[in-house]
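Written out below as structure tokens is the structure these notes cover.
Atoms within each ligand, like the ligands themselves, are counted from 1 in listed order.
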Amino acid sequence: MAKSKVLIIGGTGYLGKRLVKASLREGHETFVLSRREVGVDIDKVEMLISFKMLGAHLVPASFADHSSLVDAVKLVDVVICAISGVHIRSHSIMLQLHLVRAIKEAGNVKRFLPSEFGTDPARMEKATEPGNVCFRDKMVVRKAIEEAGIPYTYVSANCFAGYFVGGLCQFGKILPSRDSVVIHGDGHKKAIYVVEDDIASYTIKTIDDPRTLNKTLYIRPPKNILSQREVVHIWEKLIGKELDKVTISKEDFLASMKDLDYGQQVGLGHYHDVLYEGCLTNFEIGSEGEEASQLYPNINYTTVEHYLIRYV
Ligand code: NDP
């Protein structure tokens with residue numbers, strides 16, 4: 001079977017750039033949306049040009065121009081969107097409703113992967129406010145996709161390593177400390193950590209896989225299902241030093257929200273749900289989902305231990 005042609009939207013983003021490279025690496029003819037709004041943002045333009053030099057096609061289009069979106073999606077079989085969805089950076093999830101309309105009108109797309117790549121929003125009805133806004137928005141997009149009859153795969157990638165492992169799972173930190181660490185609650189709730197390049201590899205593997213059509217792909221690398229204390233312990237072994245540990249109760253953690261701006265409150269809500277509630281590991285994957293490391297055992301995923309070496 002010929003490999004699908006892929007359009008990546010949000011291709012210059014934190015995750016998007018990895019998706020572009022993984023798609024090219026896997027031999028897919030790869031198209032990257034080049035938004036006119038990028039203007040003279042030289043970093044983005046240079047990145048787009050670097051994709052072109054790797055063999056990608058740049059497709060000029062804009063979310064403000066419906067026909068340009070329709071023309072773009074007509075070029076491909078699969079659309080992957082990695083538009084922004086982290087409030088401390090930017091949050092554009094609802095723009096995807098334009099994309100859904102364009103995909104429906106174009107009528108040729110065999111699979112759409114919307115910008116998800118985190119906690120499964122379908123399981124987050126009780127998420128902490130205001131962090132729940134992300135899940136609500138992602139569910140609105142899912143509803144539009146399913147009502148339009150567009151074939152889909154949702155990717156639940158759990159915790160990006162760069163955000164969570166880098167900071168030893170401490171809210172507001174992305175570099176590991178060498179002296180002390182704040183432990184959330186008892187520090188024993190398990191979460192799941194996935195390196196961003198691996199998320200991209202699993203995502204590209206799944207686009208032509210009939211087993212994940214109209215399903216959720218959960219990425220749960222077995223060695224990376226760890227508690228905060230286990231992550232900290234791995235780091236302590238690497239630097240040969242035990243960190244001082246201060247624990248913060250759930251109540252104190254939530255109370256600290258009041259001094260934060262909105263974007264940080266959203267983030268804190270997510271950390272609460274992951275580290276105090278164990279929202280990533282408190283369910284079994286049912287018949288509506290598949291697990292990535294089982295489907296694609298040939299992907300040699302990066303373990304948390306290996307990942308942390310970069311910070312030593
Ligand atoms: P980024 O913040 O890096 O943004 C991605 C792209 O979104 C940008 O490069 C840009 O695309 C596009 N974009 C931003 N604003 C607009 C706009 N106004 N109009 C059109 N396009 C816009 O995104 P991330 O990589 O951080 O996030 C991608 C996904 O991953 C999200 O769904 C997010 O929720 C999820 N995520 C999950 C995490 C986890 O730990 N599980 C952590 C971080 C993110 P262009 O290239 O066209 O300029």
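Closest protein heavy atom to atom 47 (O) of ligand 1: Arg35 NE, 2.8 Å. Closest to atom 11 (O) of ligand 1 among all protein heavy atoms lies Gly10 CA, 3.2 Å. In terms of protein heavy-atom proximity, atom 12 (C) of ligand 1 is nearest to Ile83 CG1, 3.8 Å. The protein heavy-atom contact nearest to atom 44 (C) of ligand 1 is Val86 CG2, 3.2 Å. Ranking protein heavy atoms by distance to atom 35 (C) of ligand 1, first place goes to Glu116 O, 3.5 Å. Looking at atom 26 (O) of ligand 1, its nearest protein heavy atom turns out to be Arg89 NE, 3.7 Å.
Between Leu19 and Ile204, the shortest heavy-atom contact is O-CD1, 3.9 Å. Scanning all heavy atoms of the two residues, the minimum distance from Ala191 to Tyr193 falls at CB-OH, 3.4 Å.
Some N or O of Leu15 is nearer than 3.5 Å to an N or O of ligand 1, by distance alone. Between Gly13 and ligand 1, at least one N/O pair is under 3.5 Å apart. At a 3.5 angstrom cut-off on N or O pairs, Ile93 does not count as close to ligand 1. Considering backbone and side-chain N/O atoms, Tyr163 never comes within less than 3.5 Å of an N/O atom of ligand 1. Where the criterion is an N or O separation shorter than 3.5 Å, residue side chain and backbone included, Gly85 meets it with respect to ligand 1. For ligand 1, the polar-atom distance check against Phe160 finds a nitrogen or oxygen pair separated by under 3.5 Å.
When Lys44, Arg18, Arg36 are checked for heavy-atom proximity to atom 48 (O) of ligand 1, Lys44 turns out nearest. Taking each of Ser90, Ser84, Gly162 in turn, the one with a heavy atom nearest to atom 23 (O) of ligand 1 proves to be Ser84. Evaluated by nearest non-hydrogen atom to atom 5 (C) of ligand 1, the leading choice among Gly11, Ala82, Ser156 is Ala82.
Both Ile88 and Leu268 are assigned to one and the same hydrophobic cluster, defined by single-linkage of ILVMFWY side chains at heavy-atom distances under 4.5 Å. In this structure, Val59 is not a member of the same hydrophobic cluster as Val20, with clusters built from ILVMFWY side-chain heavy atoms closer than 4.5 Å.
Looking only at side-chain heavy atoms (C-beta outward), His270 and Thr119 stay at 4.5 Å or farther from each other. Between His57 and Leu75, every side-chain heavy-atom pair lies at or beyond the 4.5 Å cut-off. Considering only heavy atoms from C-beta on, Pro130 comes within 4.5 Å of Gln265 through its side chain. Within the 4.5 Å cutoff, no side-chain heavy atoms of Met124 are placed close to those of Met139.
Residue contact check for ligand 1: Thr119 places no non-hydrogen atom closer than 4.0 Å to it. Using a non-hydrogen distance threshold of 4.0 Å, Ser92 registers as a contact of ligand 1. Using a 4.0 Å cutoff on heavy atoms, Lys138 counts as a contact of ligand 1.
Expressed to the nearest 0.5 Å, how far CG of Leu58 lies from NZ of Lys52 amounts to 6.5 Å.
Interface of Ser115 with ligand 1, defined as ligand atoms under 4.0 Å from a residue heavy atom, comprises 28 (C), 29 (C), 31 (C), 32 (O). Applying the 4.0 Å criterion to heavy atoms of Asn158 picks out, from ligand 1, the atoms 39 (C), 40 (O), 41 (N). With ligand atoms numbered from 1 in the order given, ligand 1 contributes 41 (N) to contacts under 4.0 Å with heavy atoms of Gly118. Within ligand 1, counting atoms from 1 as listed, the ones closer than 4.0 Å to a heavy atom of Phe164 are 40 (O). The distance from ligand 1 to the heavy atoms of Tyr14 drops below 4.0 Å at these ligand atoms: 3 (O), 25 (O), 26 (O). Close contacts of ligand 1 with Thr12, meaning ligand atoms under 4.0 Å from a residue heavy atom, involve 9 (O), 45 (P), 46 (O), 48 (O).
Enclosure of atom CD in Glu125 is not indicated, since only 12 or fewer non-hydrogen atoms of other residues, nucleotides or ligands lie within 6.0 angstrom. Within a 6.0 Å sphere centred on NE2 of His91, other residues, nucleotides and ligands contribute more than 12 heavy atoms.
Looking at Leu95 against ligand 1, only its side chain comes within 4.0 Å, counting heavy atoms.
Look at Glu146 and Arg142 and you find no salt bridge, because none of the NZ, NE, NH1 or NH2 atoms lies under 4.0 Å from a carboxylate O. Using a 4.0 Å cut-off between a side-chain N of Lys or Arg and a carboxylate O of Asp or Glu, Lys205 and Glu26 qualify as a salt bridge. Ionic pairing of Lys21 and Glu196 is not present here: no N-O contact between side-chain nitrogen and carboxylate oxygen is shorter than 4.0 angstrom.
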Could you go step by step and tell me if Arg220 and Thr281 meet the side chain to side chain donor-acceptor pair (under 3.5 Å) rule?
CA-CA 9 Å; Arg220 291 182 162 187; Thr281 52; over 6 Å; no

